[in-house]
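Structure first, commentary second.
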Amino acid sequence: MSKNNSNTTDWLFEITPKNNLLDLNLNEVWRYRDLLFLFVKRDVVTVYKQTILGPLWYLIQPLFTSVIFTLIFNNVANISTGAVPPFLFNLAGITIWNYFKSCFSATSNTFTTNAGIFGKVYFPRIIMPLSVVISNLVKFGIQLFIFIGFYIYFYVNGASISLNKYTILFPVMVLLMGLLGLGMGMIISSLVTKYRDLRILVEFGVQLLMYISAVMYPVSFFIDKLPEYAWVVQYNPLAYVIETTRYILLSVGNFNLNMFIYTFVITIIILFIGIVIFNKTEKNFIDTV
Amino acid sequence: MNEVILKIENLSKQYRLGLVGTGTLSHDLKRWWYKVRGKEDPFLKIGDTNDRATKGTSDYVWALKDINLEVQKGEVLGIIGKNGAGKSTLLKILSKITSPTTGSVKSKGRIASLLEVGTGFHGELTGRENIFLNGTILGMTKAEITQKYDEIVEFSGCERYIDTPVKRYSSGMTVRLAFAVAAFLEPDILIIDEVLAVGDAEFQKKAIGKMKEISKGDGRTVLFVSHNMAAVQNLCERGIVLKKGSIVFDGGVEQAISSYLAEYYSSENKIIDFPVETSKLSIENINIVDVNEQQVSNLILGSFYNFQLFLRSKKDLRHVNVRLQVFDENNHLITTLNTFHTNNVLNISENESVVLKCCMEKLAIAPGKYTLGIEIFDLFEKSTIYENEKVLYFTIENGDYFASGRLPSPQNIGKCLVEFAWKLNYYDIT
């Protein structure tokens with residue numbers, strides 16, 4: 001009987017020490033789509049349970065940050081935002097930056113925060129970071145809403161802001177931001193399981209990253225002031241996405257197709273590396289975490 | 001029906017001892033360097049067997065070593081072994097939580113594992129939301145859960161609280177709800193680790209019943225790991241015993257259990273060192289042997305045992321009285337085996353060695369942990385020769401005392417069992 005079976009090769013699956021690096025297992029992810037949805041729901045529903053202001057916190061944080069940025073960078077440091085009201089300029093940058101930041105910080109802790117669940121039950125691990133990116137989209141949506149409110153207010157008051165034909169690319173920008181956060185987060189999350197130092201690095205690294213990502217200044221301003229370090233911002237895909245998003249929404253700056261392609265490719269590469277490392281880690285991380 | 005659904009080949013798993021993190025980078029680099037040159041991983045060659053008690057020379061141990069196993073479809077397999085024998089590691093590999101170091105597992109069915117009840121429960125969510133969340137984590141789809149939702153709620157007995165956040169539940173209720181979700185999983189292969197050790201007696205009974213239904217009724221393949229021998233005996237047909245990462249026994253569940261118990265408890269049960277010297281005699285040894293004269297310290301309810309005393313007299317002794325006493329964990333006296341009660345009078349001449357046996361045809365003390373105490377009394381001189389309330393540890397496992405094929409449930413036995421017979425007579429009320 002066992003002879004018959006060794007001849008047949010109709011095994012449903014096989015567990016071996018090594019796996020194909022690019023084995024994405026999309027089938028399996030699809031089979032677990034309900035879980036993805038429930039994780040998103042859980043994240044959204046539970047964050048502000050037993051808080052008084054609830055989802056209002058989503059609005060307070062970007063508003064206050066924008067006010068402070070406007071005071072410090074525009075009023076004190078005199079960074080020019082052109083014809084666009086500085087507050088709206090900052091709010092646009094912060095809103096899209098926040099989406100990246102929350103995706104990145106949350107996914108970079110995937111393995112350490114979920115060690116409990118991961119150690120007890122199997123499901124495609126990538127569901128976790130994916131759910132983070134999607135549930136943060138809800139938060140981003142709410143923040144976008146407040147941005148639109150201020151946009152209309154400034155528009156009615158005659159500020160020189162307008163949409164343009166590239167505005168249809170807005171979802172693409174959000175997607176790029178999410179994928180960048182996902183890719184970088186997955187790389188870090190995999191390394192954190194072995195080298196805890198990275199968690200500390202990420203904490204202040206994100207802060208530093210914001211300063212070279214053109215959140216509170218136009219890219220052109222940086223190139224003007226620090227030409228020898230311009231490459232730091234120029235080739236930073238995050239800075240590009242933020243700059244372009246501002247252009248799309250406020251018509252400040254310009255749209256550079258070459259850079260768009262560059263950013264797109266970089267994002268795909270980072271995501272690709274992230275998935276490969278993540279896949280490699282998920283099999284054994286429970287032994288080291 | 002005779003179809004191999006799960007095949008494990010040469011499965012091994014290596015773990016690194018000590019602080020993971022220190023030196024991992026250098027080892028990683030070394031590994032990588034060997035790999036680049038096309039050589040074997042240098043750290044795979046070394047590695048001790050997984051024996052916690054002895055200090056090994058290597059930083060690496062084999063938690064599992066060359067496991068080969070075939071499981072038939074519809075089989076209920078019990079996996080037993082000491083703590084650290086590799087049971088959980090095996091289950092973790094089978095449920096894809098961690099991957100093996102070498103070897104492979106091939107499966108023809110979907111595996112769902114139940115290594116813990118209530119994985120992913122979130123306190124802020126209601127019972128209803130948690131049923132769906134937990135169910136999908138365990139691999140069900142939303143549609144499947146919706147279909148079984150009513151049954152799950154009914155089985156858990158939490159109808160009234162189903163829309164209350166789980167953090168307001170008592171711990172027992174949480175467990176019941178969690179188990180209820182798991183009980184309605186329908187994978188081809190179900191892996192269960194010790195989850196029965198939760199909830200009150202009533203719920204445990206319900207849980208065991210449900211497990212039986214799952215395995216027997218629906219013909220599903222089940223791998224069951226437990227320290228609860230009664231549950232293993234009750235549920236499984238086949239058993240494997242793991243020891244230090246290898247399979248040391250594979251066969252019928254009864255033999256597996258006795259092989260495991262004999263292995264586990266053959267030594268280290270003595271509290272005092274023998275021989276014990278007194279002025280009148282020396283106690284060379286005290287032990288318990290089973291029907292095959294094998295020394296045991298884990299006894300099975302309803303089986304045959306001899307309690308043996310090896311004595312050597314230093315002078316002529318007349319009218320020696322020996323009393324063995326069994327104490328439970330709380331130091332309550334459970335029963336006394338006294339030579340005086342059965343009119344056995346012991347006379348030993350000087351320098352004579354004797355073995356005194358107290359034979360128990362059918363052990364009738366309830367499952368639990370016990371100590372054996374002894375008193376040797378000189379009735380002739382009215383003086384105590386030796387007295388100690390704790391000379392030996394032993395445990396009693398549940399067994400088929402009434403030879404009826406039914407295991408008494410330990411909670412409902414009491415302290416000991418007695419022989420009885422039920423009769424049903426009819427009488428006329430005229």
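Sequence lines set the chain letters: A, B, ... in the order given, protein chains first and strands last, and positions in each chain run from 1.
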Residue [X] versus chain A: region with a heavy atom under 4.5 Å:
{"X": "B/Lys92", "result": "side chain"}
{"X": "B/Ser107", "result": "both"}
{"X": "B/Ile191", "result": "neither"}
{"X": "B/Ile145", "result": "neither"}
{"X": "B/Glu9", "result": "neither"}

Pick one of side chain, backbone, both or neither for [X], based on which atoms fall under 4.5 Å of a heavy atom in chain B.
{"X": "A/Arg125", "value": "side chain"}
{"X": "A/Val45", "value": "side chain"}
{"X": "A/Phe118", "value": "backbone"}

Selection from B/Lys13, B/Lys106, B/Glu129 maximising heavy-atom pairs under 4.5 Å formed with chain A: B/Lys106
CG on B/Leu138 to NZ on A/Lys120, rounded to 0.5 Å: 13.0 Å
Separation between NE2 of B/His122 and CG of A/Leu38, rounded to the nearest 0.5 Å: 13.0 Å
Is [Y] close to [X] at the side-chain level, that is, under 4.5 Å between some pair of heavy atoms?
{"X": "A/Arg33", "Y": "B/Lys142", "answer": "no"}
{"X": "A/Phe123", "Y": "B/Ile137", "answer": "yes"}
{"X": "B/Ile97", "Y": "A/Val121", "answer": "no"}

Shortest non-hydrogen separation from A/Thr46 to B/Glu124 and the atoms involved: CG2-CB, 3.8 Å
Nearest heavy-atom neighbours spanning A/Arg42 and B/Leu133: CD-CD2, 3.8 Å
B/Lys96/A/Glu28 salt bridge by N-O under 4.0 Å criterion: yes
A/Tyr262, OH: over 12 other non-hydrogen atoms inside 6.0 angstrom: yes
Flag if over 12 foreign heavy atoms under 6.0 Å of OH, B/Tyr161: no
Contacts of A/Ile268 that satisfy side-chain contact (heavy atoms from CB on, under 4.5 Å) - sequence neighbours left out: A/Phe264
